[in-house]
Structures are given as structure tokens and as C-alpha cells.
Amino acid sequence: MHTVRKIIHLDCDCFYAAVEIREQPSLAHLPVAVGGDPHRRGVIATCNYPARRFGVHSAMASAYALKLCPELVILPPRFDLYRAVSQQIMAIYRRYTDVIEPLSLDEAYLDVTDSEHYKNSATLMAEAIRAEVKDKISITVSAGVASNKFLAKVASDWRKPDGLFVIEPEAVEAFMPTLPVKKIPGVGHVTEQKLTALGITTCEQLQQLTRFELHEHFGSFGESLYNYSRGIDERPVMHTRRRKSVSVEETYPKDLAHLTQWHNALLDLCERLRQRLQRLDHHYVIQGATVKVRYHDFTIRSADGPAGPITEETFLPLLTALWDRRQDPIRLLGVGVKLRDEASQAQKDMFEEEKRKALMLRHHH
Ligand code: DCP
Ligand code: MG
């Protein structure tokens, strides 16, 4: 059975502008943008909220932004600085889980389903992360907490800036119909116009369309729209730091003295390992199996064997081999698998998009 996942989407507020304002706090109350030269057909990368109140936004021509807001301070982008700040922020995220997928310099998904922090409360983790980034990096981050990537991303946008929004699994059914279609990530201007032409502005209306109709109008994105309008999204969080192994282990309050007790504990650990592996993306291939024990005197022994299904057939021979070597009580038992990563090309460089933007902007200087 699938466990309900716990996903956090984190998105820094006005990221490039926030970094610049951090470097120069006297700018905070002025309308500030980061972007290309207005005299050379430059465009706005982003701007702070005072500037947004004038209607300035990302991808707008800098010259037009100045027409809307003559006092606008337009700063040239400093990508190396943003990258350095991004790395510091991601390092904070990484302390809560290693299942982390950065989408850009200022955005990441975290899967904290297996994280032990804050008694596994994703909401408390999200608040702690936001507080820590604000405290240590002086950047505000908005967070969304939900059971999948789509809902978590929608949620992080809901209370922007400097906000947190949680969509509990029980709340999804009531929440989805009210969601405007333009809030669906991936629905840009063109798709929104098409939907409006069909008389559709909310997910409640979107839910009325069949898979077939959606496919007819939107091609392969139609399938996503069908699922998203119902709050469904099975996409796993893709680690960028690829794993070489996955394991689960448990320290027992009372030592396990006999092979039958070892065996019983093994069954439980296999189930937990199976659930973990289900949440990995599909680019991983299992290469080998491992069992580890820690005896009452704290010495550790492990045994490795060939890959197999995540059941006792694979792990029991290894456990029995350890028992045959030393028949003593153990305080800890662990099971794991070695992984081979087949992602290679499929894995996109997280900086690819930023590099493209950087080139576009420099082109205008
Ligand atoms: N960016 C860009 N060009 C765009 C959109 C974004 O160069 N068309 C850059 C600047 C942003 C950063 O990427 O600071 C992150 O993009 P976001 O869409 O998350 O926008 P912001 O973080 O700036 O604002 P928000 O508070 O809405 O997240
Ligand atoms: Mg952002």
C-alpha cells in the first residue's frame, strides 16, 4: 500500500530583488527590479512588491516598466551572487531531508515523508525552514505543504509573500473545485485563453471535461489537467544528488536474542524499505542487498548479497549468515539495497534554465 506522502514546496519571494535588497537595505521601501538595460531592450527578471504595485512584473520590457513606474530602480543581475545565496538556502533544506528536487535557484520540492524532524510534522518542518532562512540568510521563503508536488506548489503561492499554506489530504476534495485554472502550474497565458474560450475558469468546471476532450484540446498536457483538476499528482520528487543506496534500520528497546526475533523484525523492516523504494523515481535500479546488525556490545556486522525482491527471500539468507557467525543478542537491525542510477541524460542540470536567462539578459548589455 502507498503511504500518504508529505511534500513541501519552497519558493523564495522576489528572489533576485530580495538578494539585492539584502545587500543594500536602504532600497527596501523603493520599487526595485533586477533586469536588463531599458535603453538596450532589456527585460525585467523580477521586482519587489513596491514595484509590483505599479504593475511591473517578470519578463516585461525594462523600458515599459519605467513608464509604469518612473522611480523604479533597475539593477543589473549578478547571477554568481544569486547562485551562492541559493546554495546556502538549499543547504538548509538538505538538513531536513535528502529527497530534494531544486527547480531553479529559488525553488525546490522536499519529500519529508521519512524525515524524523519535528516528529515527522511537515508543517512544523516548513515553519522551521522558513524561520531559519529568514534568520540566517535574511531572505523570506513561502512554503506549501501537501501530499503531492502539484498541490504543494499551488499552496506555496497561496500566502505569498512570507507565507505558509497547508492543504491537508482531507481538504483536497473541497479545495480543488474553487481553484482558478490559471493557478495550475504549467497553465500559461495560451492555455488559460483556450480554457476561457471553452467557458472554463475554475477547476470545478475543468473536472467536467473527459480525458478524451482534454486530450483533444491540450494534447499530452490534457492528461495532467485531468489529474491536477482533481488534486492528483503521482510524480516523485527527483533527487538531484543521486543516491547510491537506501536503507532502513531500527534500534530496539529490548535486545533481540534469537533468530526468530531477528526474523520477525526483518519482516517489518522489509515493509518499510519497500515503501521507501516506492517513493524513489524510476531511474534507479536495485543492485544488491545488505543486512546490518549491531550487537549488545556495539560491534557492527553486515552481510551483502545479490539483488532481489524486497522480501525475506532476499534478506533472510544474509541474516542467517550473520546469525551463524555470531549467535548473540542484537540491539539494532537494518536492511538496505545498493542502487544504480540510470538517470544520466534524463536528469536536467538545475542551472540550465538560469543560464539561458543569464545569456538572454547579457545579450542586451
Ligand atoms: N526570473 C527571471 N525571468 C522570469 C522569471 C523569473 O529571470 N521570467 C528569475 C528572477 C526571479 C527568479 O527567477 O527572482 C525566481 O523566479 P520566481 O518566478 O520564483 O519569481 P520571484 O522569486 O522573483 O518572485 P515570487 O515572489 O513571485 O516567487
Ligand atoms: Mg520565487
Side-chain angles (χ1 to χ4, degrees), residues 8-24 27-28 31-38 41-65 69 72-90 92-93 100-110 126 129-130 133-134 137-144 149 152-165 182-190 348-365:
I8 306 175
H9 180 257
L10 293 148
D11 188 337
C12 300
D13 303 318
C14 325
F15 185 56
Y16 296 178
V19 173
E20 293 295 343
I21 289 165
R22 182 186 83 152
E23 301 299 302
Q24 218 178 315
L27 293 175
V32 175
V34 172
D37 188 339
R41 302 175 59 206
V43 292
I44 300 295
T46 191
C47 62
N48 66 354
Y49 279 82
R52 288 181 197 196
R53 280 194 279 280
F54 288 86
V56 178
H57 60 73
S58 296
M60 173 182 279
S62 299
Y64 185 64
C69 177
L72 185 65
V73 179
I74 303 180
L75 302 167
R78 293 191 280 176
F79 292 102
D80 293 339
L81 175 61
Y82 311 146
R83 187 161 304 146
V85 174
S86 171
Q87 279 167 5
Q88 290 170 348
I89 294 173
M90 299 285 173
I92 291 176
Y93 298 171
I100 159 170
E101 177 182 344
L103 294 178
S104 65
L105 288 181
D106 86 319
E107 221 181 302
Y109 290 111
L110 276 57
I129 290 169
R130 281 169 20 77
V133 175
K134 198 192 278 191
I137 322 278
S138 303
I139 293 286
T140 62
V141 186
S142 295
K149 285 166 61 161
K153 188 165 169 124
V154 167
S156 74
D157 192 48
W158 213 250
R159 293 272 183 271
K160 237 178 192 309
D162 199 10
L164 168 78
F165 190 62
K182 65 164 180 264
K183 291 280 185 184
I184 297 175
V187 171
H189 190 62
V190 175
K348 272 201 285 170
D349 183 356
M350 70 164 279
F351 294 130
E352 218 42 61
E353 181 65 9
E354 256 67 29
K355 277 190 210 139
R356 193 184 60 76
K357 286 182 204 155
L359 284 174
M360 264 179 54
L361 285 165
R362 280 197 193 122
H363 182 75
H364 298 295
H365 285 301

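Atoms within each ligand, like the ligands themselves, are counted from 1 in listed order.
- Within 6.0 Å of OH in Tyr49 there are more than 12 heavy atoms belonging to other residues, nucleotides or ligands.
- Within Asp11, the N, O or S atom lying nearest to the Mg ion (ligand 2) carries the name OD1.
- For atom 19 (O) of ligand 1, the nearest non-hydrogen atom from the set Leu103, Asp106, Leu105 comes from Asp106.
- Annotation: Tyr16 places an N or O atom under 3.5 Å from an N or O atom of ligand 1; distance criterion only.
- The pair Asp11-Lys153 does not count as a salt bridge, with every side-chain nitrogen at least 4.0 angstrom from each carboxylate oxygen.
- Ion pair Glu101/Lys149 flagged as a salt bridge, since at least one NZ, NE, NH1 or NH2 atom sits closer than 4.0 Å to an Asp/Glu carboxylate oxygen.
- Below 30°, between 30° and 60°, or above 60°: for Trp158 and Phe165 the angle between ring planes is below 30°, a parallel geometry.
- Counting heavy-atom neighbours within 6.0 Å of Lys160 NZ, excluding the residue itself, gives a total above 12.
- Among the atoms of Glu107, no N, O or S atom falls under 2.8 Å of the Mg ion (ligand 2).
- For Arg52, every heavy-atom contact with ligand 1 shorter than 4.0 Å involves the side chain, none the backbone.
- Residue Cys14: no N/O/S atom is found under 2.8 Å from the Mg ion (ligand 2).
- In terms of heavy-atom proximity, Ser62 sits nearest to Gly36 at OG-O, 2.8 Å.
- For atom 1 (N) of ligand 1, the candidate residues are Ala45, Gly35, Cys47, Cys12; the nearest heavy-atom contact is made by Ala45.
- To the nearest 0.5 Å, atom CG of residue Leu105 and atom CZ of residue Phe15 are 6.0 Å apart.
- In summary, of the residues considered (Val73, Val34, Ile139, Leu27), a side-chain contact (heavy atoms from CB on, under 4.5 Å) with Ile21 occurs for Leu27 alone.
- Within the 2.8 Å limit, Asp106 places at least one N, O or S atom next to the Mg ion (ligand 2).
- At least one heavy atom of Cys14 sits under 4.0 Å from some atom of ligand 1.
- Of the N or O atoms in Ile44, none lie within a sub-3.5 Å distance of an N or O in ligand 1.
- Heavy-atom contacts of Asp11 reach the following atoms of ligand 1: 19 (O), 28 (O) (cutoff under 4.0 Å).
- Close contacts between ligand 1 and Ser58 involve ligand atoms 4 (C), 5 (C), 8 (N) [criterion: under 4.0 Å to a heavy atom].
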